[in-house]
Amino acid sequence: MRYAMAIDTKRCVGCSDCVVACQTENNVPIGYCRDWIVEETIGAYPDLALEIRSERCNHCEDAPCVRCCPTGASHIAEGGIVMVEHDDCIGCKACIASCPYDARFVHPEGYVDKCTFCLHRVKDGKQPACVSVCPTTAMIFGDIDDKNSDISKALKTRKHKTLIPEAGTKPHVFYLL
Amino acid sequence: MGKMNRREFIKIAGIGAGGMVAGASMLQAFSPFQIDSKQILSTAIPGVTPTYCEICFWKCAGWVHKKDGEAWKIVGNPDDPHSNGRFCPRGTGGIGAYTDPDRLKTPLIRVEERGKQVFREASWDEAFDYIVEKMNKIKKEHGPECMAMFTHGSGGSYFKNMLRAFGSNNIAAPSYAQCRGPREEAYMLTYGETVGSPERTDIRNSKCLVLIGSHIGENMHNGQVQEFTEAVASGAAVITVDPRFSTAASKSKYWLPIKPSTDLALMLAWINVIIEEGLYDKKYVEKYTYGFEQLKKSVRQNTPEWAYPITTIKPHIIRETAREMAKNAPATLVHPGRHVTWYGDDTQRVRAGAILNALLGSWGRRGGFYAPAKAHVPKPKHPAYPKPKRDWRDAHDGKFPMASLAISQGICDATIPTLTRDCDIKGWIVYGTNLLSTLPQPEKTLQAIQALDLLVAIDIMPAEITGYADVVLPECTYLERYDDLRVSPGRSPNVALRAPAFEPKYDTKPAYWMARELAKKLGLGQYFPHETMESYLDERLKSIGSSLEEMKKLGVKHLPNNENELYYLDGEDFEFATPTGKIELYSTALAEAGFDPIPKFTKHEEPQDGYYRLIYGRAPMHTFGRTTNNPNLNDLMAENEVWINPKVAKEWGIKNREYVVLENQDGAICNKVRAKVTERIRHDCVYMVHGFGHTQKQMARSFNKGANDTDLISRINVDPIMGGTGMRVNFVTFRREVA
């Protein structure tokens with residue numbers, strides 16, 4: 001089993017519902033976020049394109065944050081989800097420095113925090129909060145080892161990319177183009 | 001307490017903060033009416049509570065969740081056709097409306113202390129007595145019609161009931177003359193029916209969607225955005241006409257970066273092509289429409305070549321897009337828009353779109369406009385209202401013959417004393433609408449406010465309007481109260497319940513309770529026969545075979561729908577509620593009233609050198625200025641930016657993210673605002689999101705953040721047909737921000 005997320009840039013309108021839903025679901029303090037929106041304009045007036053992306057931890061297969069964590073707080077949990085064990089985190093920020101996606105932050109309570117793919121919900125058979133609220137159903141979450149899962153089908157039929165593939169971390173958040 | 005000479009803006013201070021005069025009622029202010037609170041909440045369900053959202057007018061239904069007794073999250077109700085179980089960021093962030101520490105906390109009364117006007121905290125009784133005394137005085141001296149009301153939002157209905165019972169129908173909503181009024185009248189004139197809200201647009205089945213400045217996706221009208229992305233994903237050809245490369249434009253097959261103010265020329269050219277090339281639905285036009293020959297004659301000159309120098313859209317693009325529309329007809333929807341008060345000829349522009357839809361045969365057809373099923377949910381009865389001697393139409397001096405609702409700026413004008421009018425409006429009740437940002441020409445709004453004997457503001461936040469009130473009544477949020485049912489027509493008619501998830505914080509109250517208490521003190525208690533909303537709702541729900549108990553479990557209930565087909569049947573006879581009984585391409589009503597029966601293009605003034613047309617719009621995470629202080633939503637977007645084309649920015653030496661100040665043609669300036677230097681906008685206009693630049697310090701997060709476009713709307717073009725205020729007629733230039 002390998003969990004992954006695909007975000008359809010054709011559907012996404014960049015409304016930020018994923019951001020606020022994550023915030024309320026996970027009690028992320030105001031002023032912090034585990035996911036965010038990037039709007040990238042390509043071209044010059046009037047020949048323009050716009051790519052809108054909901055970004056977050058890429059739950060990399062070869063995760064530098066896990067490798068560099070001195071205490072083992074950052075670890076790979078079930079389904080390949082990268083997690084931080086709050087009690088084991090000493091707040092040294094080595095993981096923050098190592099993450100090519102700038103996906104981590106220091107929670108005001110002192111530990112490093114980031115997207116968990118809502119593992120607590122996934123364990124209950126639910127979708128991550130961001131996926132479940134997305135008004136434009138632009139996000140697909142699932143098991144890419146299961147050939148019949150929605151995400152496997154989408155990745156098979158749609159052109160897609162990952163962010164900063166050159167970092168070599170094997171990210172597991174895909175962008176459908 | 002004598003009359004004060006001039007109403008000063010009072011910065012509302014928080015409880016315990018400096019500047020607050022602690023009156024005799026201080027103790028009472030901290031101990032709300034316990035009995036009433038219990039009545040309001042006696043049967044609220046712990047854990048999960050049904051609601052429908054009040055953060056915008058889309059009113060999506062969902063569930064409020066608590067964790068460990070604390071507010072946690074709000075999620076959509078899957079049975080709700082407004083949201084399909086998925087809230088937008090504002091609905092999800094609605095929890096912040098409840099937790100916002102800057103909320104109004106207690107009733108306030110304006111008093112003069114040592115030569116300075118301040119608010120003192122008051123008990124509800126004191127606040128009501130003050131209002132009732134002033135209202136009765138106005139009634140006695142000037143007549144009840146001299147009380148007026150402005151309203152936006154669910155709770156306004158109770159105050160409307162109170163005011164109608166009092167004897168006035170001077171009740172205006174800025175959502176009409178400052179927003180969608182021209183659209184409603186244009187469709188009424190053409191089809192004898194309005195578009196409604198949520199709109200009867202069948203976007204999810206559209207094969208071609210035409211957006212005239214509609215920035216769907218930035219306006220987060222939830223169900224509509226959902227259908228838009230469905231249509232895009234299914235390969236619908238979207239044609240977006242916008243001087244800005246909007247989110248919708250980025251998902252379109254065609255983006256037509258039109259010169260602002262020339263949309264009508266483009267639409268007439270489209271009509272010309274569709275008629276000249278014989279692309280219209282001949283059977284439909286023949287069977288259902290009136291005035292085709294006059295239309296054909298009228299648009300003969302409006303060729304794409306004629307439109308090109310006006311619109312800057314090339315003739316072959318105009319032809320290609322017209323053919324694209326025709327190819328997909330009748331599943332082609334020329335979207336009617338929503339906020340359409342732009343240039344003062346807005347009814348005519350929207351009518352051009354309505355005419356296009358008729359030529360394409362899309363009204364009453366799959367992928368065009370569906371025929372919504374009505375929702376019959378009778379309201380409990382109350383006595384008939386007295387008939388006012390003077391009507392809201394009198395406030396407009398008989399102008400704007402097609403206006404079907406009161407015009408806000410007309411009420412405002414009728415408040416400013418003149419020698420020609422025998423009676424000015426003397427009192428305002430302002431429910432949930434921050435008039436200084438909502439109405440154009442804020443200096444005029446202030447002039448009217450200065451002429452008032454009574455200004456009551458009912459609000460949740462210390463919005464700027466509350467600073468000018470004599471009495472401020474703090475309402476609890478939608479998460480802390482019952483309201484009337486949300487009754488939705490549409491594809492599947494339904495009702496939704498809003499029940500309180502939390503006890504009202506501070507000394508805040510639901511609007512129903514306020515309006516009822518006021519009515520009782522005015523001797524109008526018979527208009528509020530239900531002591532609580534619970535008994536009202538239960539009675540209303542029982543009339544459709546449901547109950548409050550059932551609705552608390554369901555949240556949303558669909559009504560039986562046996563009578564309605566969503567689309568016209570092929571060749572079905574249909575009588576439209578227009579004077580001719582047909583879809584009026586040629587409007588007989590407009591002709592009779594002396595207006596152009598078929599839309600004609602008139603050129604609008606253009607900005608002079610060094611000036612740029614100011615256009616404005618929405619961001620998906622905010623609803624006007626109502627949400628900019630919401631902690632969750634402020635976190636997503638704390639201030640607005642002014643969009644500037646890079647060539648323009650270079651000319652002025654403006655760098656991206658730098659603060660600038662804009663000044664308009666009349667010398668009006670706005671607060672400093674960050675420049676967003678972007679290729680996504682034309683060179684002859686600038687754009688900002690509406691709702692920022694708050695001046696009320698107590699709204700700590702939003703105070704002084706970004707600019708208020710209304711400050712720059714000192715000029716309007718009024719639509720002579722229905723009184724809409726065209727607001728995109730202001731031109732701005734840049735001033736470097738002085739630190």
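Note on naming: letters A, B, ... go to the chains in the order of the sequence lines (proteins, then strands), and numbering restarts at 1 for each one.
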Worksheet item: If we only count heavy atoms from C-beta on, is the Pro243(B) to Arg613(B) side-chain gap below 4.5 Å?
Response: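 No, every pair of side-chain atoms sits at 4.5 Å or beyond.
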Fill in: Any donor-acceptor N/O pair, His82(B) side chain to Asp80(B) backbone, under 3.5 Å
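Pair absent, no side-chain N/O of His82(B) close to backbone of Asp80(B).
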Practice prompt. Name the region of Glu39(A), side chain, backbone, both or neither, that has any atom closer than 4.5 Å to a heavy atom of chain B.
Written response: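 Contact with chain B involves the side chain of Glu39(A) alone.
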Fill in: Largest heavy-atom contact set with chain A, pairs under 4.5 Å, which of Gly91(B), Ala249(B), Ser250(B)
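Most heavy-atom pairs under 4.5 Å with chain A: Ser250(B).
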Item to complete: Flag the pair Asp17(A) and Arg86(B) as a salt bridge only when some basic side-chain nitrogen lies within less than 4.0 angstrom of an acidic carboxylate oxygen.
Response: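 No, this pair does not count.
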Item to complete: Identify which of Asp635(B), Thr247(B), Leu636(B) forms the greatest number of heavy-atom pairs closer than 4.5 Å to chain A.
Response: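 When all of Asp635(B), Thr247(B), Leu636(B) are compared, Asp635(B) has the most.
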Discussion item. Ring centroids only, cut at 6.0 angstrom: are Phe692(B) and His622(B) within range, meaning strictly under it?
Written reply: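 Under 6.0 Å, so yes.
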Fill in: Interchain contact, Lys647(B) with chain A, by part (heavy-atom threshold 4.5 Å)
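Neither part; nothing is under 4.5 Å.
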Practice prompt. Could you go through the ring pair (Phe, Tyr, Trp, His ring centres under 6.0 Å) check for Phe117(A) and His59(A) one step at a time?
Written response: CA-CA 8 Å; Phe117(A) 270 171; His59(A) 298 277; 3.8 Å; yes
Worksheet item: Checking Asn27(A) against chain B: side chain, backbone, both or neither under 4.5 Å from a heavy atom?
Response: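 For Asn27(A), the side chain is the part near chain B, not the backbone.
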Worksheet item: Thinking salt bridges, do Asp62(A) and Arg67(A) make one under a 4.0 Å N-O criterion?
Response: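 Salt bridge between Asp62(A) and Arg67(A), a charged N being under 4.0 Å from a carboxylate O: yes.
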Item to complete: Grab the two heavy atoms, one from Ser83(B) and one from Asn77(B), that are nearest each other, plus how far apart they are.
Response: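 The answer is OG-O, 3.9 Å.
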Item to complete: State whether Glu25(A) and Arg34(A) are salt-bridged, where the test is any N-O pair (Lys NZ or Arg NE/NH1/NH2 against Asp/Glu carboxylate O) under 4.0 Å.
Response: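 No salt bridge links Glu25(A) with Arg34(A).
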Practice prompt. Side chain from CB out, backbone as N, CA, C, O: work out which of these in Ile216(B) comes under 4.5 Å of a heavy atom of chain A, or both, or neither.
Written response: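 Neither part.
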Worksheet item: Who among Thr137(A), Val133(A), Leu48(A), Thr136(A) has the most heavy-atom pairs with chain B under 4.5 Å?
Response: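 Top option by heavy-atom pairs under 4.5 Å: Leu48(A).
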Worksheet item: Non-hydrogen atoms of chain B under 4.5 Å away: do they reach the side chain of Cys12(A), the backbone, both or neither?
Response: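 Only the backbone of Cys12(A) comes within 4.5 Å of chain B.
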Practice prompt. Heavy-atom distances under 4.5 Å only: say whether Arg90(B) touches chain A with side chain, backbone, both or neither.
Written response: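 Contact with chain A: none, neither part.
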Fill in: Structural part of Ile37(A) lying under 4.5 Å from a heavy atom of chain B
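Neither part.
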Worksheet item: Can a salt bridge be assigned to the pair Arg674(B) and Glu641(B) using a cut-off of 4.0 Å between side-chain N and carboxylate O?
Response: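 Salt bridge absent between Arg674(B) and Glu641(B).
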Discussion item. Among Ser132(A), Cys18(A), Gly14(A), which residue has the highest count of heavy-atom pairs closer than 4.5 Å to chain B?
Written reply: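 Greatest number of close heavy-atom pairs with chain B: Ser132(A).
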Fill in: Largest heavy-atom contact set with chain A, pairs under 4.5 Å, which of Ala248(B), Cys88(B), Gly223(B)
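Top count of heavy-atom pairs under 4.5 Å with chain A: Cys88(B).
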Worksheet entry | Student check: side-chain heavy atoms of Val20(A) and Ser16(A) closer than 4.5 Å |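 The answer is no; the side chains never approach within 4.5 Å.
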Practice prompt. Sort out for me which of Met637(B), His65(B), Glu227(B), Met220(B) touches chain A most, counting heavy-atom pairs under 4.5 Å.
Written response: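 Heavy-atom pairs under 4.5 Å are most numerous for Met220(B).
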Practice prompt. Flag the one option from Glu218(B), Met621(B), Gln226(B), Lys251(B) with the top tally of heavy-atom pairs under 4.5 Å to chain A.
Written response: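 Among the listed options, the one with the most contacts to chain A is Lys251(B).
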Practice prompt. Tell me, out of Ala21(A), Ala129(A), Ala44(A), who's got the most heavy-atom pairs with chain B below 4.5 Å.
Written response: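 Among Ala21(A), Ala129(A), Ala44(A), the one with the most close pairs to chain B is Ala44(A).
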